[in-house]
2 protein chains.
Amino acid sequence: MQHQKLATIEDVAALAGVSIATVSRAINEPTKVADETRRKVTEAIARTGYTTNAMARSLRMRRSNMILILAPDVGDPNFSNILVGLETEASKRGYGVLIGNTQNDPARETDYLRFISSNQADGLILFTGHLPYGFGQDGTEGRLPPMVAVNEPVPNADVPYVGVDNFEGARIATEHLISQGHRRIAFVGRSGAREVNRLREEGYRKALAGAGISIDPRLIIDGDGTTESGRAAAELMFVRDALPTAFFCVNDATALGVIISLNARHYDLPRQFSIMGFDDISFSSFVTPSLTTMKQPRHRIGEAAMELLLELLAGEKPHEQQILLRAELIVRNSVTRFG
Amino acid sequence: MQHQKLATIEDVAALAGVSIATVSRAINEPTKVADETRRKVTEAIARTGYTTNAMARSLRMRRSNMILILAPDVGDPNFSNILVGLETEASKRGYGVLIGNTQNDPARETDYLRFISSNQADGLILFTGHLPYGFGQDGTEGRLPPMVAVNEPVPNADVPYVGVDNFEGARIATEHLISQGHRRIAFVGRSGAREVNRLREEGYRKALAGAGISIDPRLIIDGDGTTESGRAAAELMFVRDALPTAFFCVNDATALGVIISLNARHYDLPRQFSIMGFDDISFSSFVTPSLTTMKQPRHRIGEAAMELLLELLAGEKPHEQQILLRAELIVRNSVTRFG
DNA sequence: GTGAAAGCGCTAACAA
DNA sequence: TTGTTAGCGCTTTCAC
């Protein structure tokens with residue numbers, strides 16, 4: 001059962017006894033139409049249930065007032081809050097947003113790209129940390145559509161980026177640990193691949209250096225940011241037999257893994273080990289012990305990113321190529337004084 | 001900096017020395033074109049970097065091969081896995097999917113509706129539990145576009161539904177508790193508004209009745225399915241002073257709240273209280289004690305829903321109006337023998 | 001203030 | 001096997 005044929009602008013025009021041009025004007029530039037005419041058109045629209053065909057309109061105007069959001073995983077705990085910020089700002093400026101879940105699949109990225117080149121979307125928000133597959137590899141750099149990266153910066157491509165200040169946040173986090181008397185602080189989540197992890201590790205190093213604490217390489221453990229990686233890291237720590245008094249984890253998911261491992265070994269947390277996370281995902285307040293962490297201003301990140309993208313679309317030169325927002329220390333129960 | 005003007009079918013035709021109709025055919029019905037011609041076209045496409053304008057194509061064909069997924073909250077822990085199932089099946093059949101996050105905002109729902117009536121999407125998957133605002137209220141029922149509900153059924157509208165068998169699942173869950181010797185079993189999450197909660201409560205009642213256990217109304221507590229509601233419910237239980245030996249929670253989020261409350265009161269779980277959830281969201285295996293629950297076959301729900309929708313689109317009469325998939329009991333550590 | 005007509009980029013009759 | 005052409009539904013000159 002197909003839904004019935006919809007009214008077109010011609011139906012409205014016929015019913016109102018005017019030309020389609022007038023109907024179009026009555027809708028888009030009401031002031032340019034005589035009051036009486038406008039009234040007739042409005043009534044005809046109501047009677048026919050007409051709604052303008054966005055596709056025909058976009059084809060003609062060569063723009064859609066739509067923004068496409070490319071995300072590798074909409075289930076990422078950081079995603080949905082940033083999204084709301086993006087939507088809030090877009091909607092305020094008359095834009096709509098659509099989400100494409102790529103699962104990091106190149107084919108899917110290319111598909112969504114077609115969305116852009118058809119003007120079904122005017123701009124792009126990237127959560128992926130890389131250019132959509134199809135760009136950048138063959139010198140097509142020149143024709144990048146307007147886009148802004150979020151959450152994860154895009155290396156080696158001048159894509160504007162809006163995100164939390166990972167370096168600074170990690171520094172503050174580590175300093176908090178130090179201020180509580182910790183000096184043997186592990187870093188869990190070193191990664192060559194992920195820029196975010198790298199920056200957080202830098203912040204960690206900076207804080208230690210600032211406090212005159214030398215770095216013990218045995219306390220720096222690889223991890224990809226998953227809970228499982230956190231658990232594995234903690235186990236590894238015990239194997240290496242070089243124990244810290246506190247763990248600074250690259251993110252909350254990792255911290256959760258560490259807590260699980262420690263709980264399983266029946267340690268009394270946070271008395272025996274302090275754990276610090278980063279992100280403040282929703283679950284962090286529910287773990288036992290509840291997680292002390294750095295909160296990302298996700299909503300504001302979304303708003304700022306969209307604002308930047310819309311500036312780009314308006315042809316304005318953006319004020320800055322990168323906007324870093326401050327993370328906020330959230331003190332809960334997983335960090336305690338040492339010594 | 002706008003990205004450069006893209007090649008159109010005319011550019012390709014000119015370069016290949018053929019008509020645009022031939023180019024179109026070479027792309028869409030390659031067999032109807034001479035080998036040599038096809039070769040020339042293919043090469044011209046490669047040289048120009050042409051990619052067909054999906055919008056123009058859809059406008060002309062009156063269909064887009066796109067499915068719009070309307071979700072009130074993409075952060076819902078059940079969402080992303082079902083989504084992957086939807087995408088898998090759609091992609092297998094040559095369809096793409098796009099996600100619209102509605103936040104339950106009527107305005108937003110109406111906006112996305114326009115997407116359908118412009119043929120930018122051919123069908124709809126509803127996570128919202130209700131028809132998009134704009135439908136159904138004024139007898140416009142007749143022109144509902146093809147759609148399938150998922151996760152949450154749509155009451156009072158014949159929208160096909162694919163989901164877990166909540167009634168049956170809840171019955172199994174409760175019977176598991178009974179089989180462990182529990183007879184005073186609380187139900188947390190009664191809701192007049194949410195169909196899913198209602199069905200799960202029914203399953204609970206059925207299981208008790210089947211075991212000849214009479215229902216104590218003081219053990220049935222309201223809740224909207226949030227963690228906070230679970231916490232509040234547990235607290236209320238203590239105020240009422242009618243304690244159960246086990247809690248069957250309407251979902252995992254609620255169960256988590258109950259566990260938090262019980263942990264905070266320093267009960268030894270699961271020795272003193274057993275807790276059973278429903279859904280098996282990712283966090284359930286991380287809580288302490290890890291949660292015994294009913295697992296929703298989310299991936300398969302997504303696949304089945306998309307399959308059904310595509311049947312509808314193909315004009316086929318669907319075999320069934322409702323597909324209920326079985327939930328699976330996942331035994332972890334939050335339920336233990338009583339007595 | 002309003003209308004006629006061109007054209008956005010494409011597909012599908014129909015002709016050749 | 002290929003080309004010509006109408007037209008999807010709309011916006012926007014350009015006349016009037």
Side-chain angles (χ1 to χ4, degrees), chain A residues 2 4-42 44-45 48-66 114-122, chain B residues 2 4-42 44-45 48-66 114-122:
Chain A
Q2 210 58 359
Q4 80 180 66
K5 198 166 171 307
L6 285 80
T8 75
I9 199 172
E10 288 209 68
D11 302 326
V12 175
L15 192 61
V18 298
S19 75
I20 61 167
T22 298
V23 174
S24 175
R25 275 189 292 255
I27 294 171
N28 302 307
E29 317 163 284
T31 61
K32 296 198 172 180
V33 165
D35 286 4
E36 173 58 9
T37 313
R38 193 169 53 241
R39 203 194 49 68
K40 283 191 300 187
V41 170
T42 311
I45 288 179
T48 54
Y50 171 76
T51 162
T52 125
N53 182 313
M55 190 138 45
R57 169 182 240 254
S58 301
L59 179 60
R60 176 59 226 244
M61 312 232 318
R62 304 166 142 287
R63 55 197 261 310
S64 55
N65 275 29
M66 280 281 166
R114 199 159 315 170
F115 217 75
I116 287 285
S117 54
S118 302
N119 297 315
Q120 298 203 67
D122 303 336
Chain B
Q2 208 61 358
Q4 80 181 62
K5 197 166 170 309
L6 284 81
T8 74
I9 200 171
E10 290 209 64
D11 302 325
V12 175
L15 191 60
V18 298
S19 75
I20 61 167
T22 299
V23 174
S24 175
R25 273 188 295 254
I27 295 170
N28 301 308
E29 314 163 285
T31 61
K32 297 196 171 182
V33 165
D35 286 4
E36 173 57 11
T37 313
R38 192 170 54 240
R39 204 194 48 69
K40 284 191 301 190
V41 171
T42 310
I45 289 179
T48 53
Y50 170 76
T51 163
T52 126
N53 182 313
M55 191 137 42
R57 168 181 240 256
S58 302
L59 179 60
R60 175 61 228 239
M61 312 227 327
R62 305 167 141 286
R63 55 196 216 74
S64 55
N65 275 28
M66 281 281 166
R114 201 159 313 172
F115 217 74
I116 287 285
S117 54
S118 302
N119 297 316
Q120 297 201 68
D122 303 335

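Chain letters run A, B, ... following the sequence lines, proteins first and then strands; every chain starts at 1.
- In this structure, CE of A/M61 is placed 11 Å from P of D/dT13, rounded to the nearest angstrom.
- Nucleic acid contact for A/S118: none, since no nucleic acid atom lies under 4.0 Å from a heavy atom of the residue.
- In this structure, A/R63 contributes its side chain and A/D122 its backbone to no donor-acceptor pair below 3.5 Å.
- What separates CZ of B/R57 from P of C/dC8 is a distance of 20 Å, to the nearest Å.
- Whole-Å rounding puts the A/I45 CD1 to D/dC10 C1' distance at 13 Å.
- As rounded to whole Å, 16 Å separates atom P of C/dG3 from atom NZ of A/K32.
- Between B/N119 and D/dC8 there is no side-chain polar atom (N or O) within less than 4.0 angstrom of OP1 or OP2.
- Judged by distance alone, with hydrogens and angles left aside, the side-chain atoms of A/S24 form no donor-acceptor pair with the main-chain N or O of A/I20 at under 3.5 Å.
- Spacing between atom CZ of A/R60 and atom P of D/dC10 amounts to 13 Å, rounded to whole angstrom units.
- When the side-chain nitrogen and oxygen atoms of B/T22 are compared with OP1 and OP2 of D/dG3, one or more of them lie within a distance under 4.0 Å.
- Side-chain atoms of B/R62 and base atoms of D/dG9 include no donor and acceptor less than 3.5 Å apart.
- Comparing D/dG3, C/dC10, D/dC10 against the side chain of B/N53 picks out C/dC10 as the nearest.
- Note on B/S58: nothing from the nucleic acid sits closer than 4.0 angstrom, heavy atoms only.
- Atom-to-atom, CD1 of A/I27 to P of D/dC10 comes out at 8 Å; the value is rounded to the nearest Å.
- Nucleotide D/dG7 holds its P atom 15 Å from the CD1 atom of B/I20, rounded to whole Å.
- Side-chain N or O atoms of B/S118 include none that pairs as donor or acceptor with a backbone N or O of B/Q120 at under 3.5 Å.
- Counting any heavy atom pair closer than 4.0 Å across all strands shown, A/A21 reaches a base atom.
- Counting any heavy atom pair closer than 4.0 Å across all strands shown, B/T8 reaches sugar-phosphate atoms only and no base atom.
- In the set D/dT2, D/dC10, C/dT2, D/dT2 carries the atom at the smallest distance from any side-chain atom of B/V33.
- Taking every heavy atom of both residues into account, B/R57 and B/N28 meet most closely at NH2-OD1, 2.6 Å.
- When rounded to the nearest whole Å, the span between CE of A/M55 and C1' of C/dC8 equals 13 Å.
- Using a 4.5 Å heavy-atom threshold, the side chains of A/V41 and A/R38 count as separate.
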